[in-house]
Amino acid sequence: MFGTESSLSMFLNTLTPKFYVALTGTSSLISGLILIFEWWYFRKYGTSFIEQVSVSHLRPLLGGVDNNSSNNANSSNGDSDSNRQSVSECKVWRNPLNLFRGAEYNRYTWVTGREPLTYYDMNLSAQDHQTFFTCDSDHLRPADAIMQKAWRERNPQARISAAHEALEINEIRSRVEVPLIASSTIWEIKLLPKCATAYILLAEEEATTIAEAEKLFKQALKAGDGCYRRSQQLQHHGSQYEAQHRRDTNVLVYIKRRLAMCARRLGRTREAVKMMRDLMKEFPLLSMFNIHENLLEALLELQAYADVQAVLAKYDDISLPKSATICYTAALLKARAVSDKFSPEAASRRGLSTAEMNAVEAIHRAVEFNPHVPKYLLEMKSLILPPEHILKRGDSEAIAYAFFHLAHWKRVEGALNLLHCTWEGTFRMIPYPLEKGHLFYPYPICTETADRELLPSFHEVSVYPKKELPFFILFTAGLCSFTAMLALLTHQFPELMGVFAKASSGTGIARVFSCVLKMNWKSHRHLNLIIFKTELITLLPPPPKLLLLLYS
């Protein structure tokens with residue numbers, strides 16, 4: 001062994017600076033190629049190739065458990081079927097809990113001087129109004145013709161003036177000529193029906209309080225109910241009447257829903273719940289309005305958790321589109337069962353119970369659907385008024401949910417503490433990059449762009465949390481940079497770097513040699529070690545300083 005060490009020292013002394021340049025350059029090239037491959041593999045598959053190989057092949061040899069099979073099994077259950085759905089990535093939805101422009105949004109503007117709604121958001125609302133509140137036969141009724149133009153107006157005052165004009169037209173008496181006798185006629189006088197959509201516009205934009213808005217919506221309900229009953233009798237007489245009936249149905253559902261929301265705002269929560277339940281029974285097919293989300297929020301206010309669970313059992317289904325309200329309400333109910341006694345220290349010692357595991361999994365599911373909600377619930381980020389439209393899984397939906405549901409989370413003891421301890425663990429489970437998914441369809445990349453259009457400029461839009469680069473990519477990048485720097489220094493200063501390389505290699509050999517001697521010292525008796533040391537000193541050339549210190 002000692003002869004080998006001596007010959008190795010002689011070999012190192014004969015090396016030229018060109019050898020060190022070639023060695024460091026080759027090392028830099030190889031590490032650079034590994035870095036490029038690792039980066040490509042990470043961008044495509046979301047994990048490090050070296051890490052994956054070590055986990056797949058070395059962990060079983062060391063007694064570890066491979067979790068890939070269980071993860072694949074879990075991902076094949078429940079909501080993973082939604083991966084097969086053709087989902088429009090950036091489809092914008094009407095906010096089920098949107099506020100009233102005159103009574104809430106405008107009051108915010110008066111107090112702060114800021115506009116809570118963007119032009120893009122209000123333009124989407126104008127398109128919704130034209131879709132739901134107008135039809136091709138509006139020109140037959142003068143008031144509806146005026147309202148058809150009013151919904152297209154950008155100026156709020158012009159819309160309000162048009163609504164008043166539509167109501168004034170309906171107060172003009174119309175004459176219908178009815179010939180009774182050949183020589184004379186009798187004029188029958190009758191009133192035209194009130195314009196329900198004009199009352200809707202005034203309730204939304206002119207009323208400055210919720211009470212005023214409710215009064216106008218009640219007048220709209222009388223007019224809308226009459227139009228609905230008349231069109232219901234004529235809906236099968238042609239496509240024109242069918243379109244009128246569809247429009248009148250949308251108007252009636254909108255009015256009843258907003259009346260229920262007025263009752264909820266004014267503190268009459270039980271009345272609001274009854275109105276919502278009746279509306280869902282009367283129009284069960286109009287699920288696109290998402291009235292169940294209004295019902296869930298009102299039931300949470302009443303702390304009727306059993307009724308909330310019953311609603312979730314109906315709407316939290318694989319075939320139905322998810323929302324932050326559905327996912328986070330389900331997580332809240334499961335967290336409620338364990339949150340009051342949950343302690344991170346105790347859980348780390350004894351492990352999670354079945355109920356705690358179910359709660360954590362529900363939180364992970366909710367966070368994967370919309371990762372922006374926890375920051376608002378934990379008040380790590382300030383809330384603003386929610387927009388009139390939301391992007392599911394986006395920051396706009398997170399604001400709309402947290403704005404109304406933060407109080408419900410605070411009411412459940414320990415729920416926010418459990419959320420705080422567990423929500424960030426979701427991102428260690430979700431595959432990366434964002435094109436992949438775990439329980440839901442892949443997270444849309446375009447959400448940030450759409451949210452910037454929906455949310456006001458003074459709000460900082462939340463973005464999807466970025467996953468950190470794997471260790472081996474950082475390691476290969478550092479190794480490549482370090483060896484490239486050594487190659488450059490060796491090429492520029494060959495003599496100096498040669499001395500440094502010989503000294504470094506000599507020190508390394510001395511350390512290895514000293515470790516061997518320490519091991520021998522521990523395995524032999526003291527007397528045999530003294531004989532070994534004397535023979536070693538006589539056979540070897542003068543030892544380096546490190547060995548002299550060892551034997552002193």
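These values consider heavy atoms only, across backbone and side chains, with no hydrogens, waters or symmetry-generated copies. Only a predicted model underlies this, so the values are computations on that prediction, with no experimental measurement involved.
The two residues W151 and A126 come nearest to each other via the heavy atoms O-CB, 3.7 Å. In terms of heavy-atom proximity, A324 sits nearest to F369 at N-CE2, 3.5 Å. In plain terms, the two heavy atoms of T109 and R114 that are nearest each other are OG1-O, 3.1 Å. Across all non-hydrogen atoms, the minimal contact from V338 to A355 is CG1-CB, 3.4 Å. Of all heavy-atom pairs between V92 and H389, the closest is CG1-CB, 3.4 Å. When all heavy atoms of F132 and V251 are compared, the pair lying nearest together is O-CG2, 4.4 Å.
Atom CE of residue M276 and atom CZ of residue R257 lie 8.0 Å apart, to the nearest 0.5 angstrom. Of the inter-residue distances, the one linking S353 atom OG with K341 atom NZ reads 10.5 Å to the nearest 0.5 angstrom. Here the straight-line distance linking atom CG of D121 with atom OH of Y105 works out to 7.0 Å at 0.5 Å rounding. Rounded to the nearest 0.5 Å, atoms CG (L312) and CG (L296) are 5.5 Å apart. Interatomic distance, CG of L332 versus CH2 of W409, reported as 5.0 Å (0.5 Å rounding). Note that the CZ atom of R365 and the CG atom of N358 stand 12.5 Å from one another [nearest 0.5 Å].
Side chain to side chain, S125 and E388 meet the donor-acceptor criterion of an N or O pair below 3.5 Å. A donor-acceptor contact closer than 3.5 angstrom is absent between the side chains of H372 and E397.
Proximity of a side-chain donor or acceptor of D225 to a complementary backbone N or O of L221 within less than 3.5 Å is not detected. The backbone N or O of L391 sits less than 3.5 Å from a side-chain atom of S396, completing a donor-acceptor pair. No donor-acceptor pair closer than 3.5 Å links the side chain of R94 to the backbone N or O of N290. N95 places no side-chain N or O within 3.5 Å of a backbone atom of I390 that could act as its donor or acceptor partner. N250 places a side-chain N or O within 3.5 Å of a backbone atom of R246 that can act as its donor or acceptor partner. R159 places a side-chain N or O within donor-acceptor distance of the main-chain N or O of E153, the cut-off being under 3.5 Å. Looking at N106, its side chain never comes within 3.5 Å of a backbone N or O of T208 through a donor-acceptor pair. Judged by distance alone, the side chain of E205 and the main-chain N or O of L201 form no donor-acceptor pair under 3.5 Å. In terms of modelled atom types and a separation under 3.5 Å, the side chain of T118 and the main chain of E453 share a donor-acceptor contact. Using a distance-only test at 3.5 Å, with no hydrogens or angles considered, no donor-acceptor pair links the side chain of Y328 to the main chain of A402.
The shortest side-chain heavy-atom distance between V412 and Y305 falls under the 4.5 Å cut-off. Put simply, the side chain of N370 does not reach to within 4.5 Å of the side chain of C327, judged on heavy atoms. A heavy-atom distance below 4.5 Å is found between the side chains of I255 and L259. S323 is not listed as a side-chain neighbour of Y401, based on a closest heavy-atom distance of 4.5 Å or more. Residues L295 and L299 are in side-chain contact: their nearest non-hydrogen atoms beyond the backbone lie under 4.5 Å apart. Within the 4.5 Å cutoff, the side chain of I160 has heavy atoms near those of the L202 side chain. In this structure the side chain of N98 reaches within 4.5 angstrom of the side chain of R258, judged on heavy atoms.
Below 30°, between 30° and 60°, or above 60°: for Y254 and F217 the angle between ring planes is between 30° and 60°, a tilted geometry. The aromatic rings of H408 and H405 lie perpendicular to each other, with more than 60° between the two planes, well past the 30° mark.
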Run the numbers on L252 and K256 for side-chain contact (heavy atoms from CB on, under 4.5 Å), then give the verdict. CA-CA 6 Å; L252 184 64; K256 289 186 175 183; 4.0 Å; yes
Tell me, with the steps shown, if K322 and E368 meet salt bridge (Lys or Arg N to Asp or Glu O under 4.0 Å). CA-CA 12 Å; K322 298 295 180 293; E368 179 180 347; over 6 Å; no
Start with the C-alpha gap between E361 and K334, add the side-chain angles, then the distance that decides, and say whether salt bridge (Lys or Arg N to Asp or Glu O under 4.0 Å) holds. CA-CA 9 Å; E361 288 178 355; K334 292 187 177 181; over 6 Å; no
Please determine whether side-chain contact (heavy atoms from CB on, under 4.5 Å) holds for the pair Q127 and L124, giving the CA-CA distance in whole Å, both sets of side-chain angles, and the decisive distance to 0.1 Å. CA-CA 5 Å; Q127 295 177 13; L124 290 175; 4.1 Å; yes
Evaluate the criterion side-chain contact (heavy atoms from CB on, under 4.5 Å) for residue pair M147 and F133; output intermediate values, then yes/no. CA-CA 9 Å; M147 289 306 301; F133 298 156; over 6 Å; no
Do Y315 and E293 pass the side-chain contact (heavy atoms from CB on, under 4.5 Å) test, and can you show the C-alpha distance, the side-chain angles, and the key distance before you say yes or no? CA-CA 10 Å; Y315 289 95; E293 296 195 10; over 6 Å; no
Between E301 and R411, does the salt bridge (Lys or Arg N to Asp or Glu O under 4.0 Å) criterion hold? Intermediate values first, please. CA-CA 9 Å; E301 177 65 23; R411 190 178 294 119; 3.4 Å; yes
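When the shell of 6.0 Å around CZ of R270 is examined, it contains 12 or fewer heavy atoms from other residues, nucleotides or ligands.
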Taking distance alone, no hydrogens or angles, what donor-acceptor pairs closer than 3.5 Å link side-chain atoms of residues 413-425 to residues at least two apart or in another chain?
unit_1: T422; atom_1: OG1; unit_2: L418; atom_2: O; d: 2.7

Solution key, residues 454-463 side-chain donor-acceptor pairs under 3.5 Å, sequence neighbours excluded:
unit_1: H459; atom_1: NE2; unit_2: Y376; atom_2: OH; d: 3.2
unit_1: H459; atom_1: NE2; unit_2: D395; atom_2: OD2; d: 2.9
unit_1: S462; atom_1: OG; unit_2: K381; atom_2: NZ; d: 2.5

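Between E214 and the choices R265, R268, R264, the salt bridge (Lys or Arg N to Asp or Glu O under 4.0 Å) rule is met once, by R268.
By the 6.0 Å and 45° rule, R393 does not stack over the aromatic ring of Y464.
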